[in-house]
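Data first, discussion second: the structure below is written as C-alpha cells.
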Number of protein chains: 2
Amino acid sequence: MSRASERAYAAIRAHVLSGSVAVGEQLTEDQLAQITGVSRTPVREAVRRLEDELLLVRSDTKRLFVADWSRDDIEEMFVLRQMLECHAAERAAKRLTREQIAALEALNRELTAAVEQSPPDVARFLEANRAFHEAIIDAAHSPRLGQLLARLVEAPVVLRTARTYSQDDLRQSARDHDELVAAFAARDGDWARAVMGSHLRRAFHTFARAVGPANDRDTTA
Amino acid sequence: MSRASERAYAAIRAHVLSGSVAVGEQLTEDQLAQITGVSRTPVREAVRRLEDELLLVRSDTKRLFVADWSRDDIEEMFVLRQMLECHAAERAAKRLTREQIAALEALNRELTAAVEQSPPDVARFLEANRAFHEAIIDAAHSPRLGQLLARLVEAPVVLRTARTYSQDDLRQSARDHDELVAAFAARDGDWARAVMGSHLRRAFHTFARAVGPANDRDTTA
DNA sequence: CGAGCACGATTTGTATACAATAATCACGCT
DNA sequence: AGCGTGATTATTGTATACAAATCGTGCTCG
C-alpha cells in the first residue's frame, strides 16, 4: 500500500478506535479525506481495507458506518481465531528454529517486564503480545493462514478498549506464553495447540466480561 | 460492489481463468481497463479483490501478475478450507431447518443428474456443488467464517481446470453430499464434520493428481 | 568489452471534476 | 392530518488528467 492510502488507513483507524466517533455513526468519504489530508481516492482504498477488517461496514445502500461488534460477533471472531491460531501453533512447533524460540523467549521477557512494572504498561504489553503471536504465525509458514488471521486479530481487540485487563489477567497471559515456549522447545505440536487454545479462550472470556453477558440463545458451537 | 467494478471483476477473472494469459505474465491496469471497457478506477478496485483472492499478485514493485499456484500452495489452501468448512458443517448440523435440509437434497439431486448424464456436465456439477457448499456455510450463521471461506474457495479450484475430474470422482462427491445430508438430518455435528473432512481431503488429492507430485519436504502438517 | 548511469517510456498512485444514486425535505393532494 | 411525490441536497461511483515511481535501453567511460 502506498504512502497516501497507508496514511489514510492509519489515520482513519486511529480515529475510529480513539472512540471519538460513536458506533453506528455515519462517516462520509469527504469527511475522512479532510481528516486524513488526502483525496478521496486513497481514502476509498483505506476504507475498503477497514471494511475487510470489519471495523467499518456499509449499509445496503453503500453508506459507511463504524461497525458495532456485539458480544456474539466477538465470540465468533475468537472461535475462528482460536481454530486458526491453534493450527499455527501446531505447525510452528515443528518448524521453529532454536534462534526463533530464543526470540520468543526474549519477547516474553519484554512482555513480563511490562506486566510487572507498576502500574502495568498495557500498551507495551499489547505490543509484545502482538509480536509474540505474529512470530508464531510467521513460523507456521502458511502465508494464507497469516493473511486470514490478519483480518481477525487486529480489529476488535483494541476497539472495546484494552483497559479492562487486570494485572492477574496479564500475568496469566505471560504464563501461557512461557508454556507455549516450553511446548515449542519440546517440539510438541499437540501441547502447543492445547496451550494456544486455552490461552485464546481465556482471552475471550476476559474480553467478554467487559462487554456484557452472553445472550441465552445461539452462542456459537 | 457497483456496476463498473463488478463488471471489471467478472471480466478480469474470466480473462485470467480462461487461460488466455499465462501464469506469471504481467498485466497492466490499462490493458485491463481496455479489456473490461471501464476506466482504471473500477479496474483497480476489482484487481484489489482479485489480489485478496490470490488470483493476482503484485511484485515487490507493485507490478501485477497472474498468480502461480504451486502444489504446496494448493494443499495449504485445502488444509485451511477443510479446517473452516468442517467447522461450518458442524455448526450447520445444529442449525439447519427441515426446509434447508430439503433444499440441500434438491441441490444434490441436481448435482447427481449432472454427474449421471453422459458425458457428465462438469459445469453443471460445479455450479450445484458450489451452491451446496454455500448453503452449508450460510447455515452456519457465522458471517466472518463465510467471508474467510469466500477467499479460499473460488480461487484455484477452477484455475488449474476442472476438466480432470473423472466420472468416478464426481460420483464419489455426490455420495459424500448424500452422507452429509444424512448427518444433517440426524443433527449429528461430529458426523457432518467427519464427512466434510474426508470429502475435502479427497478433493485435494483428486486435484493434486492433476498438478503434479508432492515435494518431498515441508508439505504441510 | 563490460559496468554503471542517465534519459525516455511505461506503469502505478493521487487528485479532481463530473455522473449516478440515494436520502431529505417541502409541498400538495386526498 | 397523513401520505405520496417531486425537487433539492448529500454521498458514492467513474473517468480523466497529472504526479511519482519503475523499467528498459543505449551511451559513456573505465
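None of these values were measured; they are calculated from a predicted model. Quick note on labels: first sequence line is chain A, next is B, and so on, each numbered from 1.
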Should the pair [X]-[Y] be classified as a salt bridge under the 4.0 Å nitrogen-to-oxygen rule?
{"X": "A:E29", "Y": "A:R58", "value": "yes"}
{"X": "A:R130", "Y": "A:E134", "value": "yes"}
{"X": "A:D52", "Y": "B:R49", "value": "no"}
{"X": "A:E76", "Y": "B:R144", "value": "yes"}

I want to check one thing: is the phosphate of [N], taken as OP1 and OP2, less than 4.0 Å away from some side-chain N or O of [X]?
{"X": "B:S5", "N": "D:dG13", "result": "no"}
{"X": "B:T28", "N": "C:dT10", "result": "no"}
{"X": "A:R44", "N": "D:dG13", "result": "yes"}

- Query: If you pin B:T61 and B:R40 to their nearest nucleotides in DNA chain D, which one's is more 5'?
  - Reply: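 This one resolves to B:R40.
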Calculate the interatomic distance between [X] atom [atom1] and [N] atom [atom2]; express it in whole Å.
{"X": "A:Q26", "N": "D:dT12", "atom1": "CD", "atom2": "P", "result": "6 Å"}
{"X": "B:L64", "N": "D:dC23", "atom1": "CG", "atom2": "P", "result": "14 Å"}
{"X": "A:D30", "N": "C:dA15", "atom1": "CG", "atom2": "P", "result": "13 Å"}
{"X": "B:Q31", "N": "C:dT12", "atom1": "CD", "atom2": "P", "result": "9 Å"}
{"X": "B:E45", "N": "C:dT14", "atom1": "CD", "atom2": "C1'", "result": "15 Å"}
{"X": "B:K62", "N": "C:dG13", "atom1": "NZ", "atom2": "P", "result": "6 Å"}
{"X": "B:R48", "N": "D:dG13", "atom1": "CZ", "atom2": "P", "result": "16 Å"}
{"X": "B:L27", "N": "C:dT11", "atom1": "CG", "atom2": "P", "result": "11 Å"}

- Nucleotide nearest A:R63 when distance is taken to its side chain, options D:dA15, C:dA22, C:dT12: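 For the A:R63 side chain, the nearest candidate turns out to be C:dA22.
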- Task: Map B:R58 and A:P42 onto DNA chain C by nearest heavy atom, then report which one ends up closer to the 5' terminus.
- Result: B:R58
- Map A:R3 and B:R3 onto DNA chain C by nearest heavy atom, then report which one ends up closer to the 5' terminus.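 Result: A:R3.
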- Do the side chain of A:T41 and the base of C:dA15 come within less than 3.5 angstrom through a donor-acceptor pair of N or O atoms? yes
- Note on the structure: Taken to the nearest 0.5 Å, the spacing of B:R124 CZ from B:Q117 CD works out to 5.0 Å
